[in-house]
There are 2 protein chains.
Amino acid sequence: MNDKFFNLPLEKQQRIINAAYKVFSQSSYKKAPMSEIADESGISKALLFHYFTNKKELYLYLWVNAIEMTRKAVREYKTLETNDFFEMLKRSLLSKCSLMRDYPHMYAFSLRAYYETASEIKSAIQENFSDVSKTSEMIVFEKMDTSRLRKDIDLKTMYDEIFYAIDGYMLKKYRSNRIIPDEIELEIISLIDFWKKVYIQKGA
Amino acid sequence: MNDKFFNLPLEKQQRIINAAYKVFSQSSYKKAPMSEIADESGISKALLFHYFTNKKELYLYLWVNAIEMTRKAVREYKTLETNDFFEMLKRSLLSKCSLMRDYPHMYAFSLRAYYETASEIKSAIQENFSDVSKTSEMIVFEKMDTSRLRKDIDLKTMYDEIFYAIDGYMLKKYRSNRIIPDEIELEIISLIDFWKKVYIQKGA
DNA sequence: CTCCTTATTAACCGTATCGGTTAATACAGA
DNA sequence: TCTGTATTAACCGATACGGTTAATAAGGAG
């Protein structure tokens with residue numbers, strides 16, 4: 001890629017990669033056209049190809065960028081510096097909301113990219129990701145303080161169910177094209193409060 | 001459309017419309033090619049166009065068909081003939097699993113079709129659907145026996161959260177390409193058992 | 001204003017794919 | 001062998017694709 005991209009005003013950089021996140025999150029790699037990304041970001045296709053040598057390079061840049069920014073946000077929100085499960089959950093989701101403010105379609109992009117089947121892309125993708133999600137799950141389970149949680153329910157199921165719900169919630173938001181970080185943040189917080197009420201042992 | 005389609009052996013009919021459900025569930029209407037549907041169902045494109053006059057007609061046929069079959073399955077499983085919420089949920093999901101055995105990609109298709117933006121399609125779609133999902137939610141709330149449920153939690157949130165989780169669960173299945181009805185049925189049942197344990201008032 | 005560098009794009013290229021058609025073939029049964 | 005039907009290969013014009021090129025616009029230095 002062309003390093004001059006980084007000399008662009010930050011707002012323009014963001015406009016371009018956001019357009020790319022959007023287009024790549026709505027279609028598969030193969031069916032997502034560069035021209036649509038150019039149109040969406042308000043620049044010419046030629047300029048887009050001036051900054052990114054080809055489609056594959058742009059896509060992989062987006063991928064690496066997404067992982068990096070996610071890691072950074074998780075760190076900034078001190079997500080793993082607590083052992084209260086719901087606090088951890090909250091920090092994790094708030095960090096995602098903050099990312100969403102700058103990059104509304106990054107979350108959907110990541111989800112889709114992980115399952116991307118295009119051969120040119122597939123290999124480069126999956127290696128660096130399985131550790132991110134899998135090991136973070138491990139860390140959570142190791143650090144988690146379970147003493148205040150109900151004893152009669154299976155924690156793994158609870159954990160899975162909560163993440164299913166978050167994915168389902170976000171899916172609905174994306175499908176209906178309502179990506180409003182403030183609204184999402186509020187609703188997520190109220191969902192977490194709901195889960196706390198449900199899963200924390202009475203009297204604990 | 002050509003009525004001769006219905007003279008085809010049922011297995012072949014199903015192969016064709018399943019291929020169509022699959023392709024239309026993976027790409028938007030505009031980007032889903034008829035040739036892919038033909039290939040996927042093992043017939044020539046020309047024959048596909050012989051049975052369905054054009055792409056739009058096929059799509060709308062799939063849509064009407066999906067609604068009709070869903071309604072039928074809900075009826076067959078006597079979904080609304082109980083007022084136990086979890087029983088209702090179970091019947092509703094088991095009916096979907098049974099549909100999934102014949103039409104694995106219908107669920108994903110319906111979800112996507114509802115939010116389809118292509119102008120040629122949009123108008124024809126949304127009218128007949130909002131009643132299906134909205135009023136069924138109404139019916140559930142009207143019929144629902146809440147006496148055994150925990151009094152300290154908000155029922156609407158519980159309802160929403162459960163359906164988010166189911167959507168999130170199914171999303172994962174589709175993304176990872178694991179549509180195995182028997183497996184899904186088992187996992188769904190165990191999720192429902194989990195919810196029962198969580199939401200039913202102790203001692204009720 | 002002139003010159004030079006850099007940012008930006010319109011126009012283009014060859015190829016692939018699209019929705020849809022046509023004319024010919026394979027196949028069945030009488 | 002004839003006849004009607006099921007099926008497809010080959011084709012059509014249009015469009016969209018990834019990527020390039022050559023020219024223009026913009027900006028800053030002298």
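Computed from a predicted structure; not experimentally measured. Labels below follow one simple rule: chain letters A, B, ... track the order of the sequence lines, proteins then strands, and each chain is numbered from 1. Just the heavy atoms: all of them, side chains too, but no hydrogens, waters or symmetry mates, feed the values below.
Counting 5' to 3', DNA chain C first comes under 4.0 angstrom of a heavy atom of chain B and last does so at the ends given by C:dC18 to C:dT22.
One side chain, B:Ser27 or A:Lys31, offers a donor N or O that lies under 3.5 Å from an acceptor on the other. Counted by atom type alone, A:Thr53 and A:Glu57 present one or more donor-acceptor pairs between their side chains at under 3.5 Å. In the model, A:Ser147 has a side-chain atom that pairs as donor or acceptor with a side-chain atom of A:Asp145 under 3.5 Å.
In this pair, B:Phe85 and B:Tyr159 present their aromatic rings tilted. The plane angle is within the 30 to 60° band.
For A:Arg15, the salt bridge (charged side-chain N to carboxylate O under 4.0 Å, His left out) partners at least two apart in sequence or on another chain are A:Glu11.
Counting only residues at least two apart or on different chains, the salt bridge (charged side-chain N to carboxylate O under 4.0 Å, His left out) pairs with a member in residues 18-29 of chain A are A:Lys22-A:Glu40.
Using a 4.0 Å cut-off between a side-chain N of Lys or Arg and a carboxylate O of Asp or Glu, A:Glu87 and A:Arg91 qualify as a salt bridge.
Residue contacts for A:Phe52: at a heavy-atom cut-off of 4.0 Å it reaches no nucleic acid atom on any strand shown. Residue contacts for A:Phe5: at a heavy-atom cut-off of 4.0 Å it reaches no nucleic acid atom on any strand shown.
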All N/O donor-acceptor pairs, side-chain side in residues 93-100 of chain B, below 3.5 Å, sequence neighbours left out:
from	atom 1	to	atom 2	distance (Å)
B:Ser95	OG	B:Ser92	O	2.7
B:Ser98	OG	B:Ser95	O	3.2

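Map A:Ala46 and B:Ile43 each onto its nearest nucleotide of DNA chain D; the residue landing nearer the 5' end is B:Ile43.
Judged by the 6.0 Å distance and 45° axis criteria, A:Lys55 is positioned over the aromatic ring of A:Tyr29.
Looking only at distances, a side-chain donor or acceptor of A:Arg150 sits under 3.5 Å from a matching main-chain atom of B:Val198.
Shown for residues 10-21 of chain B: no residue has heavy atoms falling under 4.0 angstrom of DNA chain C.
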Counting primed atoms plus P, OP1 and OP2 as sugar-phosphate and everything else as base, spell out the protein contacts along nucleotides 12-19 of chain D at 4.0 Å heavy-atom distance: B, S or - for each nucleotide, 5' to 3'.
-----SBB

